[in-house]
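Numbers here simply count residues along the sequence, with the first being 1. Heavy atoms only: backbone and side chains are in, while hydrogens, waters and symmetry mates are out.
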Amino acid sequence: MIETHAHIYDEKYDDDRTEMLQRAWDLGIEQIWMPNCDHTTIHGMMQLAETFPDQCLPMIGLHPTYVKDGFEKELEIVEEWLNKYKFIAVGEIGMDLYWDKTFSAQQEEAFLYQCKLARKHNLWIDIHCRDAFQETVALIEKFADPSLTGIFHCFIGTLEDAQKAIDLGFKLGIGGVSTFKNGGLDKVIPFVDLENLVLETDSPYLAPTPFRGKRNEVAYIDLVAQRVADLKQITKEEVIATTTKTAKSLLTLAG
């Protein structure tokens with residue numbers, strides 16, 4: 001199984017990171033993909049990539065909620081790293097209009113610039129999109145490069161949104177929200193081809209039921225896999241096999 005989105009460098013794991021990772025390995029997690037936020041998260045992420053080079057695979061990017069005044073310097077750092085290290089993706093990048101819309105124009109600029117970097121380095125993108133699905137889609141359409149692909153991380157949209165993302169060439173990252181009683185994904189997952197889904201936790205955030213509200217961890221991805229299986233009325237083993245194959249197809253692109 002591949003965990004396609006987890007912030008395992010987060011300080012919430014400082015006291016038990018080794019044990020948390022061991023629980024993931026014991027479950028059979030092959031790889032953990034690590035999205036970046038800004039320059040402050042690179043060091044911890046790269047330490048894990050160095051310690052577990054075959055299991056903890058880093059992305060590089062500027063998260064939209066970290067786009068502030070002077071964000072251009074952050075983008076320079078992203079570009080510098082892309083020129084000296086082989087990342088699996090540019091991420092996480094995108095639009096977030098949930099907390100604050102002050103820097104929405106700058107978020108758009110940062111997103112488009114990082115899409116350009118992704119294509120330059122033949123990488124896919126990992127999209128953070130919160131209260132901004134239509135805006136993000138509009139930017140992808142504006143970028144107008146059919147070879148741009150990736151994952152809509154933490155997808156929580158409608159079936160219509162899901163189909164739009166898939167039509168644009170993207171996969172849907174399914175996490176803990178799928179287990180929430182009113183998460184809404186019970187109206188989406190049954191009607192989307194399994195080949196268009198990948199599994200994630202977004203650890204330490206968005207822990208699945210029955211751990212909702214607590215610190216999330218990679219091993220809980222097993223609960224997400226089971227939820228997808230239940231919704232699609234197939235076995236968990238089928239979900240794991242297909243989502244792992246889909247995730248590896250993105251690595252092939254990055255390779």
Q226 versus D222, side-chain donor and acceptor atoms under 3.5 Å: no

N/O donor-acceptor pair under 3.5 Å between D230 side chain and R227 backbone: no

4.5 Å side-chain heavy-atom contact, K84 and E80: no

D10/R215 salt bridge by N-O under 4.0 Å criterion: no

Expected output: side-chain E195 to main-chain T242 donor-acceptor under 3.5 Å: no

Cluster link W25 to Y13, ILVMFWY, side chain under 4.5 Å: yes

Cluster check V224, I234: I/L/V/M/F/W/Y, side chain < 4.5 angstrom: yes

Any I156 side-chain heavy atom under 4.5 Å of V188 side chain: no

Minimum side-chain heavy-atom gap C154-L206 below 4.5 Å: yes

Test log, rule side chain to side chain contact (heavy atoms under 4.5 Å, CB included), inputs Q22 and T18: CA-CA 6 Å; Q22 191 59 54; T18 299; 5.6 Å; no

Within 6.0 angstrom of E160 CD, more than 12 heavy atoms from elsewhere: no

L194-I174 co-clustered via ILVMFWY side chain contacts under 4.5 Å: yes

D131 side chain to Y98 backbone, donor-acceptor under 3.5 Å: no

Between T244 and E30: side-chain donor-acceptor atoms closer than 3.5 Å: no

side-chain contact (heavy atoms from CB on, under 4.5 Å), paired with M59, selected from V90, N36, I125, I88: I88

Modelled atom types, side-chain donor and acceptor of E79 and N83, under 3.5 Å: no

From CA spacing to verdict: side chain to side chain contact (heavy atoms under 4.5 Å, CB included), Y66, F103: CA-CA 10 Å; Y66 291 74; F103 293 97; over 6 Å; no

Short N-O contact, D145 and R119, less than 4.0 angstrom: yes

Validation row: I127, I140 side chains within 4.5 angstrom (heavy atoms): yes

Aromatic ring pairing F87/Y85, orientation class (parallel under 30°, perpendicular over 60°, tilted between): tilted

E238 versus T235, side-chain donor and acceptor atoms under 3.5 Å: yes

Under 3.5 Å: donor-acceptor pair, side chain of T149, backbone of G169: yes

Common cluster, F211/I8, ILVMFWY with side-chain heavy-atom separation under 4.5 Å: no

Sequence neighbours excluded - ring pair (Phe, Tyr, Trp, His ring centres under 6.0 Å) pairs with any residue from residues 157-195: F152-F170

Stepwise side chain to side chain contact (heavy atoms under 4.5 Å, CB included) test for E108 and L139: CA-CA 7 Å; E108 292 184 8; L139 289 172; 3.9 Å; yes

Pair D38, H63: side-chain N/O donor-acceptor within cut-off below 3.5 Å: no

T209 side-chain N/O to R212 backbone N/O, donor-acceptor pair under 3.5 Å: no

4.5 Å side-chain heavy-atom contact, I151 and V198: yes

Inter- and intrachain pairs under ring pair (Phe, Tyr, Trp, His ring centres under 6.0 Å), touching residues 27-46, at least two apart: W33-W124

Donor-acceptor pair between H5 and E200 side chains, under 3.5 angstrom: no

Side chains of L197 and K171 in contact at under 4.5 Å (non-hydrogen atoms): no

Ring centroid separation F155 to H153 under 6.0 Å: no

Side-chain donor or acceptor of R17 paired with backbone N/O of Y9 under 3.5 Å: yes

Hydrophobic cluster identity match, L223 and V218, side-chain contacts under 4.5 Å: no

For A225 against I240, the heavy-atom pair lying closest together: CB-CG1, 4.2 Å

Residue pair L21 / L48, side-chain heavy-atom distance below 4.5 Å: yes

Whether K232 side chain and V192 backbone form a donor-acceptor pair below 3.5 Å: yes

Pair E141 + K164, salt bridge at N-O below 4.0 Å: yes

Side chain to side chain, L62 and V67, heavy atoms closer than 4.5 Å: yes

